[in-house]
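Remarks on the structure that follows.
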Amino acid sequence: MEQYDHTAIEEKWQRVWADAGAFHVSNASTRPKSYVLEMLPYPSGTLHMGHMLVYTIGDVVTRFRARNGLHVLHPQGFDSFGLPAENAAIKEGVHPRVSTERNIEHITSSMRRVGWAYDWSRSLTTHDPTYYRWQQWQFLKFLERGLAYRKGAPVKWCPNDQTVLANEQVRDGRCERCGFEVESRLMEQWFFRITDYAQALLDDLETVDWPDSIKARQRNWIGRSEGAEVLFLIDGLDEDVPVFTTRPDTLYGATFFVLAPEHELVARIDSDDVREYVRRAGVKKTAERAQAIEKTGVFTGLHAINPVNGEQLPVYVADYVLTDYGTGAIMAVPAHDQRDFDFATAFGLPVRQVVRPPDNDVDESVAYVEHTEGEVLVNSGEFDGLPAPEGGRGIVERLEAEGRGGFTINYRLRDWGFSRQRYWGCPIPIVYCEECGIVPVPEDELPIVLPEIEDYKPKGVPPLAQAEEWVNVSCPKCGGEAKRETETMDTFVDSSWYFLRYCDVSNDEAPFERAAVDYWNPVDLYIGGVDHATVHMIYARFWVKVLNDLGMLGFREPFAQFFSNGWVTLGKTKMSKRAGNIVGPDDFIERYGADACRLNILFLGPANEDMEWTESSVEGMSRFVRRLWRVVSEVAEVAPTSEPGAGPLARKAHWAIAKVSDDVGRRFAFNTAIAAVMELVNELSRESAGPESRFAAETAVSLIQPYAPHVAEELWSKLGHEGLWEAPWPVADPAMLEVESVEVVVQVNGKIRDRLQVSPDLDEDELVALARASERVGEYLDGEEPARTVVVPGKLVNFVT
RNA sequence: GCCGGAGUGGCGGAACUGGCAGACGCGCGGGACUCAAAAUCCCGUGUCCUCAGGGACGUGUGGGUUCGACUCCCACCUCCGGCACCA
């Protein structure tokens with residue numbers, strides 16, 4: 001028997017697949033389509049076991065679906081703009097393009113060695129001008145629609161990376177990438193008006209097949225809350241200030257009024273105390289502000305008029321009011337809000353209860369914030385005695401009639417600030433003209449290609465500002481002197497539409513042809529980690545909705561089904577380059593082969609749960625592959641070719657077909673499918689020369705192919721067949737799934753006392769008679785007649801006394 | 001605080017719709033082959049008791065429903081993750 005030489009076998013079949021164009025798909029087929037996609041990887045130089053998991057899941061599904069008659073699109077590319085390459089450039093002086101492309105080359109060759117079935121002819125890299133040209137083009141469409149705009153806004157600024165961060169890139173007040181504490185700065189920024197789509201993003205979650213946990217995260221992120229907006233007139237400034245509240249029922253309980261330090265009106269308050277407070281609040285790190293336990297604030301000397309009763313409420317500036325939620329101003333109702341209560345306590349402000357729970361005396365020493373059935377309004381003028389929800393509604397309706405308020409819905413989601421003071425990103429096709437202002441670059445001048453620069457170091461101004469020849473242009477409108485936008489786009493823009501580009505990757509007249517995109521989309525199975533469940537996946541959904549509104553495509557949701565893979569951990573920490581705990585597949589592929597590695601990563605546990613990396617399991621898997629090789633090779637040599645019978649081995653094979661088909665096709669239970677093939681191989685090894693052995697061997701090889709395609713292909717040809725990658729998936733014969741005899745459990749009072757081997761189609765009476773006849777049952781029944789007999793045909797008989 | 005998820009042998013896990021708890025693998029113990037080792041193969045492997053037939057206990061804890069609960073219900077404990085001065 002030939003030795004199992006994994007390297008030779010894997011190289012051989014990878015060549016065969018490439019030569020045959022095995023995974024190359026066209027945009028037309030009579031077969032039904034399936035689009036299988038894993039999240040776009042950032043090209044760090046090396047693969048690790050986390051990548052191994054995600055891409056092998058996608059690969060198994062791809063190969064399984066292809067053999068089940070589907071026309072499967074399974075592309076791969078790289079999210080190749082972004083900070084790490086630029087940081088490396090700053091550190092080592094290598095041009096980001098050079099290091100990025102070197103990384104891509106390296107990681108691609110690793111990917112090819114794993115044997116993943118990608119249509120590499122559709123590959124894309126987001127730093128390629130042929131890709132980002134069409135991103136710039138789409139940006140211009142967004143701009144035309146008013147969905148991209150520029151405004152001054154307080155932004156999260158990372159003093160280390162010298163750049164603005166999206167809210168999503170801030171974790172616990174720190175820069176997600178470098179861990180530096182984030183500051184707040186007021187800057188002109190580009191925004192996408194994603195908030196226009198908040199409700200649609202929420203509603204359409206109903207239409208996708210995603211895990212509930214992921215949907216919950218998105219709902220959380222969008223943060224819809226129903227309430228009212230109420231206008232308070234600030235005396236002295238003569239300004240109406242809107243506040244958002246979810247508790248309009250407590251309006252009569254407002255005893256003071258608070259503005260966030262960043263609120264636009266604060267600058268107009270002429271008070272040294274206020275200016276000093278605002279200055280100090282601005283210096284405070286975001287993290288400090290969020291963690292502060294003691295409430296701080298300053299009285300402005302002004303008063304706001306409560307529109308429900310005309311009361312004069314003292315106006316404070318305090319940093320417990322957030323500038324970017326609601327309107328940045330609140331009415332404070334200390335009796336019914338813990339934060340307001342804390343502030344009132346610290347500043348000696350009055351507390352007035354206006355909602356009374358049933359059978360409760362008014363206790364103004366604590367805030368009553370919960371909701372109880374039957375609570376009623378008190379101290380609320382004409383609304384006294386009404387149930388709180390009804391009273392709240394009445395109050396808003398009256399304000400509405402008076403033009404001082406109305407019902408409204410507020411979202412936590414904020415517009416997407418997407419400009420970055422960075423070099424290695426997609427240039428924003430905008431020119432600033434002194435005469436004409438913000439001028440979009442005409443479409444026929446795209447792409448605006450990233451210029452070469454000398455120095456990547458951030459200096460507070462974007463690195464692109466140094467590329468003077470590039471920056472100074474004439475205005476497309478008036479021809480006068482103008483300057484290019486020097487900020488670049490957030491890389492989440494790049495990954496918001498790449499899955500569309502794959503469908504028509506070399507189009508140089510449009511981002512994609514609508515027919516191609518409509519044919520393949522939505523993605524039938526999207527695979528990736530939870531860490532992108534709120535960020536990337538919300539942006540991509542937004543992007544698709546906008547393109548749909550622009551008539552560029554015919555669907556509203558990009559990802560019909562989402563499989564959230566678990567994390568591969570090492571030392572209980574998610575494996576990642578940043579955590580410095582990566583174990584790569586290259587070494588293991590060399591030692592044990594790609595097939596063993598692919599099997600191993602999926603056998604570690606359920607693919608949607610976290611799994612700790614262990615080296616010993618690869619060895620176990622390598623044993624299995626070698627065993628498979630030996631057993632099947634032997635069968636190929638000695639087992640007769642004959643019609644498969646209906647004996648135990650053939651039945652086991654059919655059982656395995658049914659099990660693997662269901663596990664891979666429906667349940668995504670990749671680990672148990674492998675276990676089923678192992679069981680089959682175990683039985684086969686005990687009977688390698690029987691009349692059913694050849695069928696069992698063929699079945700085992702065929703079933704393991706999505707996982708271990710190389711060795712499966714080699715064994716398939718040893719068995720005398722060709723082209724397993726395109727062979728039809730085996731179908732289980734239902735007749736063969738029925739067993740000749742089953743073991744029926746006989747219980748007395750729910751405890752197993754005997755087991756019977758019986759025919760599965762024995763009727764209930766016969767089964768009970770047989771069970772009654774059992775000696776052991778007789779012992780436990782001890783002469784008594786069972787009061788009740790429960791029969792589950794083919795499973796058990798239970799006598800209850 | 002709100003939301004989501006998970007607790008099963010020495011370990012990873014299986015049990016999908018309420019019906020044999022521990023499939024499959026790792027590890028460990030014993031044996032075969034070998035001069036020896038590796039590789040391979042075979043047997044055993046939840047805990048305790050045992051007259052060696054078997055018996056009792058056992059899926060985070062406490063209750064409940066049921067002939068029967070890892071699975072359903074109630075209460076709780078622990079761990080992991082998300083959101084969070086969000087008005």
Side-chain angles (χ1 to χ4, degrees), chain A residues 171-172 211-221 223-225 227 243-247 250 258 260 289-293 295 318-322 324-333 336-340 342-343 369-370 410-414 530-531 533-534 567 572 599-600 603-606 608-621 623-624 626-627 630 659 662-663 666-667 669 671-679 681-682 685-686 742-753 755 776 786-801:
Chain A
R171 298 231 186 279
D172 301 321
D212 288 340
S213 58
I214 305 296
K215 289 189 183 184
R217 282 195 196 204
Q218 291 217 348
R219 290 198 188 97
N220 236 335
W221 193 264
R224 176 192 157 104
S225 55
V243 304
F244 174 74
T245 176
T246 53
R247 295 294 306 275
T250 64
V258 190
R289 218 166 122 166
Q291 282 156 15
I293 299 155
K295 297 263 181 297
D319 66 5
Y320 82 91
V321 171
L322 304 176
D324 44 12
Y325 184 78
T327 62
I330 63 156
M331 64 159 189
V333 185
H336 304 294
D337 182 284
Q338 193 59 51
R339 295 152 300 177
D340 296 344
D342 294 344
F343 190 86
V369 297
E370 33 315 294
N410 192 61
Y411 298 91
R412 197 195 76 104
L413 183 74
R414 268 159 263 132
V530 273
D531 36 350
T534 44
W567 287 342
K572 304 266 170 172
L599 281 162
N600 177 66
F603 192 66
L604 236 36
N608 60 336
E609 286 171 28
D610 293 355
M611 55 190 84
E612 176 77 5
W613 169 254
T614 53
E615 193 168 326
S616 60
S617 65
V618 200
E619 284 166 40
M621 201 44 80
R623 268 205 286 276
F624 167 68
R626 292 199 309 269
R627 184 177 158 84
R630 255 191 339 269
K659 173 76 178 155
D662 189 47
D663 281 356
R666 181 182 62 92
R667 298 176 63 211
N671 54 335
T672 53
I674 296 170
V677 179
M678 284 174 167
E679 284 190 53
V681 172
N682 285 347
S685 72
R686 280 178 221 117
V742 285
E743 193 180 63
V744 168
V745 174
V746 185
Q747 300 179 328
V748 177
N749 291 325
K751 297 209 187 233
I752 299 157
R753 297 306 178 183
R755 291 153 200 271
R776 295 192 28 83
R788 193 175 158 191
T789 305
V790 181
V791 185
V792 182
K795 293 251 165 124
L796 96 176
V797 178
N798 186 12
F799 297 112
V800 186
T801 58

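- Across B:A87, B:C16, B:C85, the shortest atom-to-atom separation from the side chain of A:K295 is found for B:C85.
- Looking at heavy-atom distances under 4.0 Å, A:Q747 makes contact with a base.
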Check: protein-nucleotides 2-11 of chain B nitrogen or oxygen pairs below 3.5 Å:
none

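- When the nucleotides B:A23, B:G27, B:G25 are ranked by their closest atom to the side chain of A:M678, B:G25 comes out on top.
- Across all strands shown, A:S225 has heavy atoms under 4.0 Å from sugar-phosphate atoms exclusively, and none from any base.
- Proximity note for A:V800 (side chain, C-beta onward) versus B:C67, B:C16, B:A87: the nearest is B:C67.
- B:G1 sits 32 Å from B:C11 when the P atoms are compared, rounded to a whole Å.
- Listed pair A:R623 / B:C26 meets the phosphate criterion, a side-chain N or O lying under 4.0 Å from OP1 or OP2.
- A:V618 places a side-chain heavy atom less than 4.5 Å from the side chain of A:W613.
- Taking every heavy atom of both residues into account, A:F343 and A:A318 meet most closely at CE1-CB, 3.7 Å.
- Put simply, A:N671 has no side-chain N or O that comes within less than 4.0 Å of OP1 or OP2 on B:G12.
- Residues A:N682 and A:R627 are in side-chain contact: their nearest non-hydrogen atoms beyond the backbone lie under 4.5 Å apart.
- With a cut-off of 3.5 Å on both Watson-Crick or G-U wobble distances, the partner of B:C72 is given as B:G64.
- Of the listed nucleotides (B:C85, B:C26, B:C24), B:C85 has the atom at the smallest distance from the side chain of A:L322.
- Nearest nucleotide to the side chain of A:R414, out of B:C16, B:G25, B:C86: B:C86.
- Across every strand in view, B:C26 sits in a pair with B:G10 that passes the Watson-Crick or G-U test at under 3.5 angstrom.
- Contact annotation: the side chain of A:F624 never approaches that of A:N600 to less than 4.5 Å [non-hydrogen atoms, C-beta and beyond].
- Looking at A:V333 and A:T245, their side chains never come closer than 4.5 Å, going by heavy atoms from C-beta outward.
- Residues A:L604 and A:T614 form a side-chain contact, since some pair of their non-hydrogen atoms from C-beta on lies under 4.5 Å apart.
- Between A:R412 and the phosphate of B:C83, there is no side-chain N or O to OP1/OP2 separation shorter than 4.0 Å.
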**Q.** Contact letters for nucleotides 43-59 of chain B, in which S counts primed atoms plus P, OP1 and OP2 and B counts the base, heavy atoms under 4.0 Å
**A.** -----------SSSS--
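- If you check B:C57 for Watson-Crick or wobble pairing at under 3.5 angstrom, you find it paired to B:G46.
- In the set B:U40, B:A15, B:C67, the nucleotide with an atom closest to the side chain of A:N798 is B:C67.
- You'll find that the side chain of A:Y325 is closest to B:A87, out of B:A87, B:A23, B:A14.
- Nucleotide B:A52: unpaired (no Watson-Crick or G-U wobble partner with both distances less than 3.5 Å).
- In this structure, the separation between CE on A:M678 and OG1 on A:T672 is 11.5 Å, given to the nearest 0.5 Å.
- With A:Y320 as the aromatic partner, A:K295 meets the cation-pi criteria of under 6.0 angstrom to the ring centre and within 45 degrees of the ring axis.
- With the nearest nucleotide of RNA chain B identified for both A:L604 and A:S616, A:L604 has the one nearer the 5' end.
- By the 4.5 Å heavy-atom criterion applied to side chains, A:T250 and A:M331 are counted as neighbours.
- Picking from B:C85, B:U40, B:C16 the nucleotide with the shortest atom distance to the side chain of A:D662 gives B:C16.
- Of the C1' atoms belonging to B:G64 and B:A14, the separation is 28 Å, rounded to the nearest Å.
- Going from the P atom of B:G31 to that of B:A36 covers 14 Å, rounded to whole Å.
- If you check B:C85 for Watson-Crick or wobble pairing at under 3.5 angstrom, you find it has no partner at all.
- Residue A:A675 places its side chain closer to B:A23 than to any other of B:G19, B:C67, B:A23.
- Taking the C1' atom of each, B:U8 and B:A15 are spaced 10 Å apart, rounded to whole Å.
- Within the nucleic acid shown, A:R666 comes within 4.0 Å of at least one base atom, counting heavy atoms only.
- Checking A:Y411 against A:G620, the closest nucleotide of RNA chain B that is more toward the 5' end is the one next to A:G620.
- In this structure, B:U40 and B:A32 make a Watson-Crick or G-U wobble pair, each of the two defining distances being under 3.5 angstrom.
- A donor-acceptor contact under 3.5 angstrom links the side-chain atoms of A:R339 to the base of B:A87.
- Comparing B:G44 with B:G22, their P atoms are spaced 15 Å from each other, to the whole Å.
- Nearest nucleotide to the A:L796 side chain, out of B:C67, B:C83, B:G19: B:G19.
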